[in-house]
Colleague: 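Dropping a structure here in structure tokens format, bear with me for questions.
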Amino acid sequence: PLEMSAKKPVPFLRQVVPVRKKVQRDPRFDDLSGEYKPEIFMKTYSFLDSIKKQEKEMVQKQLKKCRNVEQKEKLQRLLNRMTQQEQAQEKQQKLRDRELSLKRQQRELAKQGKKPFFLKKSEKRKLELAEKYAELKRSGKLESFLNKKRKRNAIKDKRHLPSQKNL
């Protein structure tokens with residue numbers, strides 16, 4: 001055993017043999033788990049989409065059968081959240097596909113011997129906006145979207161104008 005000093009009192013729980021502390025690690029942030037690649041993640045966990053779809057259908061059936069107002073509101077919120085998550089996932093997938101197609105085009109140009117050209121964030125945003133407008137025009141919701149945007153901008157402008165009280 002380890003020799004201790006007699007001048008200070010012995011602790012109640014004395015450790016004779018030092019115990020190595022167990023280090024807990026979070027696999028989400030640990031390098032040992034590898035780096036995150038969305039394409040591989042989506043392929044690996046693609047079975048979850050079908051499960052989510054089944055759950056959504058089940059919630060819809062429950063919503064139709066439900067008579068309790070509170071329960072119905074709860075189910076409606078759950079259904080809305082599921083739908084929003086689905087839409088967000090689709091949006092991310094479209095964004096990823098667009099980026100991949102741009103990368104492929106750059107590779108093709110590089111193979112032909114041309115200098116690669118990378119888009120700035122602002123240019124990517126403009127392309128995304130143009131695509132959004134085209135999609136809205138196709139679905140026929142462009143006019144309502146523009147009206148909402150005008151109203152929003154009018155409210156913002158009104159906020160910045162000096163009020164009658166200040167005059």
Side-chain angles (χ1 to χ4, degrees), residues 1-107 110 116-129 131-132 148-149 151-153 155-163 165-166:
L2 188 69
E3 204 173 299
M4 303 276 289
S5 169
K7 292 184 179 179
K8 64 179 185 180
V10 180
F12 179 71
L13 295 170
R14 191 177 77 178
Q15 287 204 348
V16 178
V17 181
V19 181
R20 279 184 54 187
K21 194 173 183 181
K22 193 174 182 181
V23 179
Q24 291 182 339
R25 57 185 195 88
D26 193 343
R28 294 174 297 173
F29 309 112
D30 200 0
D31 291 332
L32 292 172
S33 302
E35 70 179 71
Y36 173 69
K37 293 180 182 172
E39 296 83 26
I40 295 171
F41 181 85
M42 292 304 291
K43 281 181 186 175
T44 311
Y45 294 102
S46 59
F47 65 94
L48 289 177
D49 293 334
S50 60
I51 294 171
K52 283 181 183 177
K53 193 175 181 182
Q54 289 172 352
E55 285 178 353
K56 189 177 175 184
E57 288 170 1
M58 198 165 58
V59 169
Q60 285 173 333
K61 286 178 185 175
Q62 284 179 352
L63 190 66
K64 285 181 182 178
K65 290 179 183 177
C66 188
R67 298 282 177 242
N68 189 356
V69 178
E70 295 162 12
Q71 188 70 20
K72 204 168 192 173
E73 285 178 11
K74 203 174 185 180
L75 286 170
Q76 188 63 48
R77 280 196 300 268
L78 178 65
L79 188 66
N80 287 343
R81 191 169 69 230
M82 287 175 151
T83 310
Q84 285 174 350
Q85 284 176 348
E86 207 173 83
Q87 287 171 348
Q89 197 173 14
E90 286 173 15
K91 189 178 178 181
Q92 269 188 332
Q93 187 61 41
K94 280 183 182 177
L95 200 121
R96 237 181 268 122
D97 290 341
R98 191 181 311 116
E99 285 179 6
L100 282 173
S101 66
L102 285 170
K103 281 183 182 178
R104 281 193 203 107
Q105 286 175 354
Q106 292 306 321
R107 281 195 203 112
F117 172 74
F118 300 101
L119 291 172
K120 290 187 230 169
K121 249 187 188 178
S122 59
E123 291 170 346
K124 283 183 186 177
R125 214 175 293 127
K126 283 177 187 175
L127 284 173
E128 195 175 316
L129 193 65
E131 196 173 296
K132 185 178 180 180
K148 283 181 187 175
K149 201 162 185 74
K151 283 181 185 176
R152 238 180 278 136
N153 288 339
I155 291 169
K156 280 183 187 175
D157 291 342
K158 212 178 264 185
R159 209 176 289 144
H160 292 298
L161 287 174
S163 63
K165 295 175 195 172
N166 296 345

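Hydrogens, waters and symmetry mates are skipped; everything else that's a heavy atom, side chains included, is used.
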Colleague: Among residues at least two apart in sequence or on other chains, which ones pass side chain to side chain contact (heavy atoms under 4.5 Å, CB included) with E128?
Modeller: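 Side chain to side chain contact (heavy atoms under 4.5 Å, CB included) list for E128, sorted by chain: L95, R98.
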
Colleague: In chain order, what residues pass the salt bridge (Lys or Arg N to Asp or Glu O under 4.0 Å) check against D30, with sequence neighbours excluded?
Modeller: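 D30: salt bridge (Lys or Arg N to Asp or Glu O under 4.0 Å) contacts with R25.
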
Colleague: Side chain of E123, backbone of K120: donor and acceptor closer than 3.5 Å?
Modeller: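 The answer is yes, because a donor-acceptor pair under 3.5 Å joins these two groups.
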
Colleague: For a quick test of reading the model, state the closest non-hydrogen atom pair linking L79 to Q60 and the distance between them.
Modeller: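 Heavy atoms only, the tightest pair is CD1-CG, 3.6 Å.
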
Colleague: Evaluate the side-chain proximity of K156 to K151: yes if any heavy-atom separation is below 4.5 Å, no if none is.
Modeller: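 In short, these two side chains do not touch, never coming nearer than 4.5 Å.
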
Colleague: Under the salt bridge (Lys or Arg N to Asp or Glu O under 4.0 Å) rule, what do E86 and K56 come out as? Steps first, then yes or no, please.
Modeller: CA-CA 10 Å; E86 207 173 83; K56 189 177 175 184; 3.5 Å; yes

Colleague: Could you measure the distance from the NZ atom of K53 to the OG atom of S50? Nearest 0.5 Å is fine.
Modeller: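 K53 atom NZ to S50 atom OG measures 9.0 Å (nearest 0.5 Å).
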
Colleague: With rounding to the nearest 0.5 Å, note down the distance linking NZ in K132 to NZ in K91.
Modeller: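 Interatomic distance, K132 NZ to K91 NZ, rounded to 0.5 Å: 6.5 Å.
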
Colleague: When rounded to the nearest 0.5 angstrom, what distance separates CD in Q76 from CG in L78?
Modeller: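 Reported to 0.5 Å precision, the distance equals 9.5 Å.
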
Colleague: Determine whether V69 and E73 make a side-chain contact, defined as any pair of heavy atoms from C-beta on separated by less than 4.5 Å.
Modeller: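 Yes, at least one pair of side-chain atoms sits under 4.5 Å.
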
Colleague: Under the ring pair (Phe, Tyr, Trp, His ring centres under 6.0 Å) definition, can you give me all pairs with a residue in residues 74-102, not counting sequence neighbours?
Modeller: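 Counting only pairs at least two positions apart or across chains, no ring pair (Phe, Tyr, Trp, His ring centres under 6.0 Å) contact touches residues 74-102.
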
Colleague: Just to verify, what does I51 make a side chain to side chain contact (heavy atoms under 4.5 Å, CB included) with, not counting sequence neighbours?
Modeller: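 For I51 the side chain to side chain contact (heavy atoms under 4.5 Å, CB included) partners, ignoring immediate neighbours, are F47, L48, E55.
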
Colleague: Roughly how far, to the nearest 0.5 Å, is the NZ atom of K124 from the CG atom of L129?
Modeller: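 Answer for the CG-NZ pair, L129 versus K124, is 16.0 Å.
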
Colleague: With sequence neighbours left out, what residues match D26 under side chain to side chain contact (heavy atoms under 4.5 Å, CB included)?
Modeller: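 Only R28, F29 meet the side chain to side chain contact (heavy atoms under 4.5 Å, CB included) criterion with D26.
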
Colleague: Counting distance only, does the side-chain N/O of Q106 pair as donor-acceptor with the main-chain N or O of F117 below 3.5 Å?
Modeller: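 Present.
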
Colleague: With no hydrogens and no angle check, just 3.5 Å: does a side-chain donor-acceptor pair link Q84 and R81?
Modeller: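 Not at all, the side chains of Q84 and R81 share no donor-acceptor pair under 3.5 Å.
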
Colleague: Would you give the length of the straight line joining atom CE of M82 to atom CG of L75, rounded to the nearest 0.5 angstrom?
Modeller: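 It comes to 9.5 Å.
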
Colleague: Going through the checks in order, is the side-chain contact (heavy atoms from CB on, under 4.5 Å) test met by L127 and E131?
Modeller: CA-CA 6 Å; L127 284 173; E131 196 173 296; over 6 Å; no

Colleague: Looking only at heavy atoms, what is the nearest atom pair of K64 and R67, with distance?
Modeller: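 So the minimum-distance heavy-atom pair works out to O-NH1, 4.0 Å.
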
Colleague: Residues in side chain to side chain contact (heavy atoms under 4.5 Å, CB included) with K121, at least two apart?
Modeller: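 With neighbours one apart ignored, the set is R125.
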
Colleague: What's the spacing between E39 CD and K43 NZ if we round to 0.5 Å?
Modeller: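 It comes to 8.0 Å.
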
Colleague: Should the heavy atoms of other residues, nucleotides or ligands under 6.0 Å from CD of E70 be counted, would the total exceed 12?
Modeller: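 Check fails, neighbour count at 12 or below.
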
